[in-house]
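Each remark here refers to the structure printed beneath this line.
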Amino acid sequence: MSSFKRDKKEEEDGVGNIFQNIEKTTVLQEARVFNETSVNPRKCTLILTKLLYLLNQGEALNVKEATDVFFAMTKLFQSKDVVLRRMVYLGIKELSSTADDVIIVTSSLTKDMTGKEDIYRAAAIRALCSITDATMLQAIERYMKQAIVDRNSAVSSAALVSSLHMTKMAPEVVKRWVNEAQEAINSDNVMVQYHALGLLYHIRKSDRLAVTKLIAKLTRTTLKSPYAVCMLIRIIAKLLEEEDSGNDFPYFDFIESCLRHKSEMVVYEAAHAIVNLKRTTSKELAPAVSVLQLFCGSPKATLRFAAVRTLNQVAISHPAAVTACNLDLENLITDSNRSIATLAITTLLKTGAESSVDRLMKQIASFVSEISDEFKVVVVQAIRALALKFPRKHNTLMNFLSAMLRDEGGLEYKASIADTIITIIEDNPEAKESGLAHLCEFIEDCEHVSLAVRILHLLGREGPKTKQPSRYIRFIYNRVILECPSIRAAAVSAMAQFGASCPDLLENIQVLLARCQMDSDDEVRDRATYYSSILSKNDKNLYNNFILDTLQVSIPGLERSLKEYTQNSTNQPFDIKSVPLQVGPSPDEREKKHKSEGMLTSQGPLRPPPVSREENFAEKLSAIPGIQQLGPIFKSSDVVELTESETEYFVRCIKHCFAHHVVLQFDCLNTLPDQLLEDVRVELEPSEGFELLSVIPCKQLHYNETNHTYAILKFPDDDLPSCVGTFGAVLKFIVKDCDPTTGIPDSEEGYNDEYILEDLEITLGDQIQRVSKVNWGAAWETAAESSVEKEDTYSLSSMNTLDEAVKNIVQFLGLQPAERTDKVPEGKSTHTLLLSGVFRGGIDILVRAKLALADGVTMQLTVRSPDDSIAELITSSVG
Amino acid sequence: MEGSLLEPTLNAIKGIAILDNDGNRILAKYYDKNVFPTAKEQKTFEKNLFNKTHRANAEIIMLDGLTCVYKSNVDLFFYVMGSSHENELILMSVLNCLYDSVSQILRKNMEKRVVLDSLDIVMLAMDEICDGGIIIDADSNSVVSRVALRNDDNPIGEHTVAQVFQSAKEQLKWSLLK
């Protein structure tokens with residue numbers, strides 16, 4: 001055994017720095033020592049440590065290097081040195097994924113695993129399992145079973161953990177070890193118990209009955225390991241969440257009893273589970289909250305953090321339950337851990353009553369200068385939520401925000417404040433004037449170009465609608481004098497908006513624009529000239545199309561179309577209608593965004609900006625023959641499930657709509673391990689008028705694999721009313737029975753089979769793309785002259801609230817609500833919903849729905865569209 | 001993201017790291033292929049983590065969607081990372097185990113130089129604490145008993161009186177703090 005204490009001399013030479021300047025090639029060179037006949041354990045251990053250190057630093061070996069070192073390492077098995085042997089195990093684990101032929105050490109490891117030296121056995125098992133594949137596993141199965149129930153707890157734990165790792169690779173084999181795992185769960189060792197429970201649950205998790213039995217058994221005994229209890233709580237919580245049967249489920253009591261467990265870890269786990277269960281009532285919540293309240297006063301930062309974070313979650317769903325903790329939370333505002341302080345503040349903001357807002361804001365003001373930018377962002381988001389909750393407090397909040405805006409801070413922080421002010425302005429008409437005034441003041445001294453540009457854009461949009469539009473012109477024109485080109489350009493566009501919307505300001509604007517035409521920057525001059533010439537035409541229609549409502553196309557889509565256009569030299573002019581449209585954010589997305597705010601979860605590293613769904617699909621579909629000719633994709637619908645989710649074959653459908661065609665994409669999943677499906681296709685019974693052009697079957701569908709089959713249909717020509725319809729659908733395929741483990745069919749012969757799917761509907765919404773109109777009113781006015789108008793009145797007897805009606809109409813028509821009319825103000829009995837969108841083929845649609853609440857909802861629907869039959873289609877399909 | 005119940009799985013740990021006082025990696029392991037798959041991402045994360053934590057000794061922080069608990073001593077920083085929904089106290093128990101194990105292995109000489117001297121044993125200890133994201137053991141005594149294989153040649157007699165006194169004091173302190 002080598003000596004732990006190194007010689008003094010070596011120490012002076014700076015042994016501690018041996019790792020500083022090592023190189024891969026040198027270490028690999030040194031590793032040749034492993035091949036010598038007599039092994040020097042100390043030397044080899046050091047080299048091996050260097051090698052592992054290098055790998056740990058992120059150095060990568062190629063396959064040959066890894067294999068060479070691996071084989072050299074196997075020579076070290078002849079040494080009896082314990083540390084060296086253990087390091088060899090580590091080396092095996094590190095290299096097992098890169099090196100070839102790693103199974104060569106199986107026998108050496110098996111020997112160590114079954115040998116007498118306890119100190120080797122546990123680690124050998126774990127190393128062995130890292131090199132074993134599904135076929136080799138059969139050979140060591142017997143040893144694994146023995147190891148699981150071994151008296152030595154380390155060996156047993158190692159075997160259980162390794163089994164769990166191997167379930168990914170050979171679930172069927174590991175399933176056979178259930179009895180051993182069952183026995184291990186009764187172990188006295190806390191970790192063995194924990195690992196055994198983990199493995200047992202993993203094996204049985206798809207079998208509800210077995211899980212219930214497991215829980216029933218374990219809740220009656222007392223588990224020694226706090227980790228195991230935490231695990232059990234999670235299992236029960238998951239089961240409770242899936243169970244719909246309501247409150248008679250007995251195991252909730254178990255979780256509650258864990259609130260009195262002696263380990264804090266378990267108490268917290270139980271409280272966390274209760275808080276997060278959807279079925280928890282406020283009464284059941286109370287004990288959990290009081291436990292968390294107790295934790296708030298703990299000296300341990302982690303415990304306080306955990307408690308506040310969970311209370312923050314409670315505050316979202318049950319704000320009233322948290323009010324009891326307000327005093328404790330206020331104490332935490334001054335916590336030295338700023339994460340805790342910030343969470344406490346945001347929780348308080350969520351639970352606070354309207355009357356306490358002023359006091360809280362004062363408190364935050366004293367604290368906000370001390371915290372870092374990211375936490376400030378969290379506070380700002382909490383303030384936004386507060387502003388939406390208490391619209392009447394907008395004055396206090398707005399003043400606070402503008403004070404924050406004047407303070408020092410980075411772009412992200414400033415942007416979030418500006419965002420919040422913008423949200424408040426949009427949501428609360430009363431706050432608009434003061435909010436715009438604050439923003440105007442802010443851009444007077446704003447170092448962030450992107451932010452200034454955004455605010456100028458907003459001023460251009462909202463300013464003309466205020467009572468005194470002229471007061472904003474001065475702020476905007478100041479920018480033209482003082483700022484950099486991009487801000488000047490934005491300011492010019494903003495001024496043009498005023499000119500287009502306010503006739504009495506037009507003359508002044510023209511003077512200002514004329515001055516801008518002398519600008520030193522090309523873009524600014526161009527914009528000024530462009531706007532000035534449009535404004536001089538005095539034509540409402542031109543204003544609407546070229547100043548107030550700008551291009552609606554998606555920018556990446558435009559880029560691609562233009563590139564294609566320049567490559568194919570045709571004489572035809574470029575058609576802007578062929579470019580995919582920019583899609584407004586769906587209500588879900590917006591909601592999600594708001595919900596996740598204030599939770600203090602940083603989002604992780606920046607992701608590339610999301611591409612629209614259509615872009616994604618377009619790429620996939622263009623690879624399929626026959627689809628490219630159809631033109632650009634117009635809209636892809638949401639996923640529709642055509643089977644129950646737990647059937648033999650699971651089929652989902654996405655409807656891709658093109659200008660004159662629809663492509664149905666069926667995602668099929670085979671859930672039968674003993675079947676191989678071939679030539680899978682969906683046979684449709686299209687409704688009248690639809691023409692089935694072709695079906696692209698999926699050649700093979702293995703077990704647990706998702707694959708696609710497509711059907712291409714043509715919409716009925718000139719007959720819009722029949723463009724919506726219901727199709728019967730049958731999944732047809734050839735079945736070949738196969739061996740569940742290998743997936744190879746038993747014989748070449750298969751038989752035809754079919755599976756009836758639910759009917760598929762082509763709806764109006766599938767054929768309409770949502771497009772947001774910035775200035776809906778203006779567009780509506782223009783449409784009065786150029787479009788056909790259809791009007792009808794309906795009684796929607798199944799709807800009970802205006803909110804519900806609005807949601808349904810928006811979803812049914814697939815149109816984009818404009819000017820935030822999708823939000824019904826509380827307590828009103830009438831509401832006007834404004835919608836806009838584009839029908840496939842690029843035909844604009846504007847819809848105004850006047851809703852009144854009286855014994856159900858009565859709706860007067862007015863549609864304006866350039867195409868007569870489309871307006872007809874919409875009015876006729878509603879109802 | 002709220003209302004998220006924890007998935008019943010043993011894979012509680014996303015990563016463990018020991019950094020020096022410049023934020024450079026001494027040892028680090030990540031156990032989830034979806035969390036920082038490349039060495040470059042890992043090191044960026046570690047730098048970021050270090051910058052946020054080396055001044056304030058605040059024990060816990062959320063970063064890049066992970067909950068990180070940490071502890072430091074002289075020129076060593078110990079981190080344990082878990083998913084943002086993970087039970088913070090479980091992570092803390094693992095961190096304590098890592099810290100105490102290393103402390104025992106180094107005989108309370110918690111310094112980078114000493115860690116590098118016994119890097120092999122520290123590696124083994126990390127391996128004994130967590131395997132592929134699953135906590136193997138969270139009891140530092142049992143971890144040390146499995147890895148500190150060189151103890152035998154250093155009997156108690158070789159401790160100086162000061163060392164013994166120091167360790168007694170530490171133990172008393174800890175028992176009072178608990």
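Letters go in sequence order (proteins before strands), and every chain restarts at 1.
- Of the atoms belonging to B/Lys43, it is side-chain heavy atoms, and not backbone ones, that fall under 4.5 Å from chain A.
- Note on B/Lys14 versus B/Glu86: no salt bridge recorded, every NZ/NE/NH1/NH2 to OD/OE distance being 4.0 Å or above.
- Using a 4.5 Å cut-off on side-chain heavy atoms (C-beta onward), B/Val122 and B/Ile26 make no contact.
- At a 4.5 Å heavy-atom cutoff, the contact between B/Glu128 and chain A is made by backbone and side-chain atoms alike.
- At most 12 non-hydrogen atoms from other residues, nucleotides or ligands lie less than 6.0 angstrom from NZ of A/Lys300.
- Ranking B/Leu91, B/Ile90, B/Asn11 against chain A, the residue ahead of the rest is B/Ile90, based on heavy-atom pairs under 4.5 Å.
- The residue among A/Thr49, A/Leu277, A/Val190, A/Thr302 with the most heavy atom pairs within less than 4.5 Å of chain B is A/Thr302.
- When A/Lys238, A/Gln57, A/Lys93 are compared by the number of non-hydrogen pairs under 4.5 Å with chain B, A/Gln57 comes out ahead.
- B/Asp32 contributes a side-chain N or O that, together with a main-chain N or O of B/Asn34, makes up a donor-acceptor pair within less than 3.5 Å.
- Between A/Tyr194 and A/Tyr227, the two ring planes are tilted [angle within 30° to 60°].
- Within a 6.0 Å radius of NZ in B/Lys108, other residues, nucleotides and ligands contribute more than 12 heavy atoms.
- Of the listed residues (A/His202, A/Glu269, A/Glu264), the greatest number of heavy-atom pairs within a distance under 4.5 Å of chain B belongs to A/Glu269.
- Listed options B/Met92, B/Glu59, B/Glu88 were ranked by heavy-atom pairs under 4.5 angstrom with chain A; first place goes to B/Glu88.
- B/Lys112 and B/Asp75 are not joined by a salt bridge, as no carboxylate oxygen comes within less than 4.0 angstrom of a charged side-chain nitrogen.
- The choice from B/Asn48, B/Ile60, B/Val69 that makes the most heavy-atom pairs within less than 4.5 Å of chain A is B/Ile60.
- Between chain A and the options B/Ile135, B/Asp137, B/Thr9, the largest number of non-hydrogen pairs under 4.5 Å is found for B/Ile135.
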